[in-house]
Amino acid sequence: MPERYRNCEIASFTMKRLSCLFSVIMVIILAAVHEVIAQDHQFDTIILHGRVIDGSGNPWYKADLGIRDGRIVAIGDLSNATARRTIEANDHIVAPGFIEMMGGDSYVLVRDAVSAESKLQQGCTTLFVGEGDSEAPQNDFTAKLAEGQSPDAKVTWHNFAEYFALLSKHGIGMNVIHNVGAAQVRQVVIGDTNRAPTPEELDKMKALVAEAMQQGASGLSSALIYPPGNYASTQELVALAKVAAQYDGIYLSHIRNESGDLLAAIDEAISIGKQAGLPVHIYHLKAAGAENWHLVEEALKRIQAARDSGLDVTADAYPYIYNGLDLGAFIPPDAFSAGREALTRSLADPAVRQKLEAQIKTRTDWENWYQHIGSDWNNVLIAKVPKGMDSQYEGLSLHQVAVLRKQDDWTTFFDLVQQGDPSVDPRSMNEDQKKAIYRAPWVSISSDASPANPAKDAHVHPRTFGTFPRIYAKYVREEHVLTLEDAVRKMTSLPADLLGLYDRGRIAPGMAADLVIFDPDKIQDTATYAKPATYPTGIDAVLVNGTVAVEHGKSSGQMAGQVLIHKLFMQSSPVR
């Protein structure tokens, strides 16, 4: 080969090698530049120019927040820092995400992801779930009951470990924490019958509570107005609460009476806490019925006295004078002693209806909601009807439904219970008791309502969509019952401490970046009894674990929520 061709070949080969080497070098350089750029961002998100209310009750202060990997990592002047995303707070309030102390149901977050927005749009980032019943444990009997109440539900799990794995695999829009229900374990072991457990059955119930606590439940809950929860004796509850106490749990209760026997019911809850050796929390504290409103003052004194004696007793309340329950709760609970299905069948007999009507009108030895509403069916609003019942009843009073059906009120009442037992909103409270309750420093905030989709649940109780903004609009801004800082504390650090969520409920370095930004002058609930499924206004942004979930009323659709595990086992760290 002539020399010149050989040189050209060598030159060509060399150029190819150099070109390849250049490409490799460029890839390395670009990767290095990308890494430098990435490192140059000190934070994932910066919130600028906020008035920080840290959740402790301290006055607000001006600062920026830096967030990295779902945690608050810096507080101060971050105007020269860099982040992948910057949120301008515009001198509005930056607070910890609100913790819903009584949020009903978490499985709805799996069935319908949009339902999370009913809480997130209010600034709620953590949902506390369970009131007597609970998502676990489950067996064939309880699964059938759950699927009957929610036809789109499919119970495929048996315990909390399996249920938490389901939530984590599916993804949820907000954080959830659970307790185990006393009525739930009773149904798993005994069913719906009204009798005491045998010693062997009680041991099985205790074992189920222990399993739930070991798998991350926060405590034991009871609902002592509804069957089968009301069948439990005080000593049965003490026995189960002692198990929860072994795992550093708490006892939470919808107490046995919220009207004429309110004080005795509070005494029972306190006694259970003392005997079992664990903290006590009273759900949605109230005095129902005008004849009982005066009892609130003494109820608050008794709880404070228990606290002064060294027992940790707290409560929560929702800011509405209509409460919510199933219409069947107007029937004496002993009528359900053979189970709900048996009671429903018996209502086909006119004689049974006549007997129950007489009892409802005259008996005072139970939580008589008919008397609490002043014996006036106009004071009972139909909130939500079950599948198959006429949806036009929703939003009407029971009396209006009776007129529509061309029936008398009592016939309509029994018919509706028999045909599916709709949820209702009876007017039973007054504003004075709400103000007195909220002034107690140990009272947190709850809605007592499950998440809901506004497109599917048009006639839920307005507390479902409006509870937390209503506190700021009504009890802070308009009526000055609470200061802004104390209202935040009641929604953040107070419930976080109760539930052992020590990495939430406050703004401080290292805390989870569950945050809400709102305008204190404009935050407002818009949900009414006539049109309850409407989102509030005045909330700029909501972050769950550092991820923007809501911004200017729009959902991001991000599934950044976590299952939070009881502090004794995982120090509130999430299930991943």
Side-chain angles (χ1 to χ4, degrees), residues 38 41-50 52 54-55 63-75 78 81-90 92-100 103 106 108-110 112-128 164 166-177 451 453 468 491-492 496 501 503-518 535-536 539-565 570 572-576:
H41 290 308
Q42 295 164 272
F43 307 103
D44 297 328
T45 302
I46 291 177
I47 299 175
L48 293 174
H49 309 126
V52 175
D54 66 10
D64 309 325
L65 301 184
I67 299 167
R68 188 187 305 121
D69 296 330
R71 297 271 164 180
I72 300 166
V73 295
I75 302 175
L78 305 180
T82 59
R84 293 180 177 83
R85 178 167 191 170
T86 299
I87 299 175
E88 175 56 65
N90 293 311
H92 290 170
I93 300 301
V94 180
F98 306 148
I99 298 174
E100 161 72 88
S106 68
V108 64
L109 301 176
V110 175
D112 185 353
V114 174
S115 66
E117 291 188 45
S118 62
K119 304 294 182 180
L120 291 167
Q121 293 274 2
Q122 297 183 59
C124 294
T125 56
T126 297
L127 185 72
F128 182 46
F164 291 164
L166 171 68
L167 290 181
S168 299
K169 180 180 179 180
H170 181 274
I172 47 179
M174 61 190 305
N175 305 313
V176 292
I177 182 169
N453 183 331
F468 290 80
M491 300 178 186
T492 57
L501 302 177
D503 61 346
R504 298 173 196 271
R506 293 177 179 80
I507 292 178
M511 302 296 280
D514 293 340
L515 299 164
V516 56
I517 305 171
F518 65 93
Y535 294 132
I539 294 180
D540 304 328
V542 180
L543 286 75
V544 179
N545 297 304
T547 298
V548 174
V550 173
E551 192 165 21
H552 302 301
K554 302 293 184 182
S555 170
S556 70
Q558 295 295 311
M559 296 294 179
Q562 299 173 344
V563 178
L564 304 179
I565 298 299
M570 296 291 288
S572 301
S573 61
V575 172
R576 298 188 185 276

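Keep in mind that the numbers below use all heavy atoms, side chains included, and drop hydrogens, waters and symmetry copies. Residues take their numbers from the sequence shown, with the count starting at 1.
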Nearest-0.5 Å distance, [atom1] of residue [X] to [atom2] of residue [Y]:
{"X": "Leu564", "Y": "Asn175", "atom1": "CG", "atom2": "CG", "value": "4.5 Å"}
{"X": "Ile99", "Y": "Ile177", "atom1": "CD1", "atom2": "CD1", "value": "8.5 Å"}
{"X": "Arg84", "Y": "Gln42", "atom1": "CZ", "atom2": "CD", "value": "11.5 Å"}
{"X": "Leu515", "Y": "Thr547", "atom1": "CG", "atom2": "OG1", "value": "11.0 Å"}
{"X": "Ile46", "Y": "Arg85", "atom1": "CD1", "atom2": "CZ", "value": "13.0 Å"}
{"X": "Met174", "Y": "Leu120", "atom1": "CE", "atom2": "CG", "value": "5.0 Å"}

Just by modelled atom types, is the [Y] backbone N or O under 3.5 Å from a matching donor or acceptor in the [X] side chain?
{"X": "Asp54", "Y": "Arg506", "value": "no"}
{"X": "Asp44", "Y": "Asp69", "value": "yes"}
{"X": "Glu88", "Y": "Asn90", "value": "yes"}
{"X": "Arg71", "Y": "Gly510", "value": "yes"}
{"X": "Glu117", "Y": "Asn453", "value": "no"}

Side chains of Phe164 and Ile565, heavy atoms from C-beta outward: is any pair under 4.5 Å?
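Sidechains of Ile565 and Phe164: in contact.
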Does the side chain of Ser115 reach to within under 4.5 Å of the side chain of Leu109, using non-hydrogen atoms?
yes
Nearest atoms (heavy-atom pairs only) where [X] meets [Y]:
{"X": "Ile75", "Y": "Ala63", "answer": "CG2-CB, 3.9 Å"}
{"X": "Ala496", "Y": "Gly505", "answer": "CB-CA, 4.0 Å"}
{"X": "Phe518", "Y": "Ala95", "answer": "CE2-CB, 4.2 Å"}
{"X": "Gln121", "Y": "Pro536", "answer": "O-CG, 3.3 Å"}
{"X": "Ala89", "Y": "Gly50", "answer": "CB-CA, 3.7 Å"}
{"X": "Gly546", "Y": "Leu543", "answer": "O-CD2, 3.9 Å"}

Among Asp540, Val94, Asp64, the one residue meeting side chain to side chain contact (heavy atoms under 4.5 Å, CB included) with Ile47
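In the set Asp540, Val94, Asp64, the residue that makes a side chain to side chain contact (heavy atoms under 4.5 Å, CB included) with Ile47 is Val94.
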Side chain to side chain contact (heavy atoms under 4.5 Å, CB included) with Leu65: which of Ile507, Val73, Leu78, Thr45?
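One option only clears the test, and that one is Ile507.
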Arg504 and its side-chain hydrogen bond (donor to acceptor under 3.5 Å, both in side chains) partner, picked from Thr492, Thr126, Asn545
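Among Thr492, Thr126, Asn545, the one meeting side-chain hydrogen bond (donor to acceptor under 3.5 Å, both in side chains) with Arg504 is Asn545.
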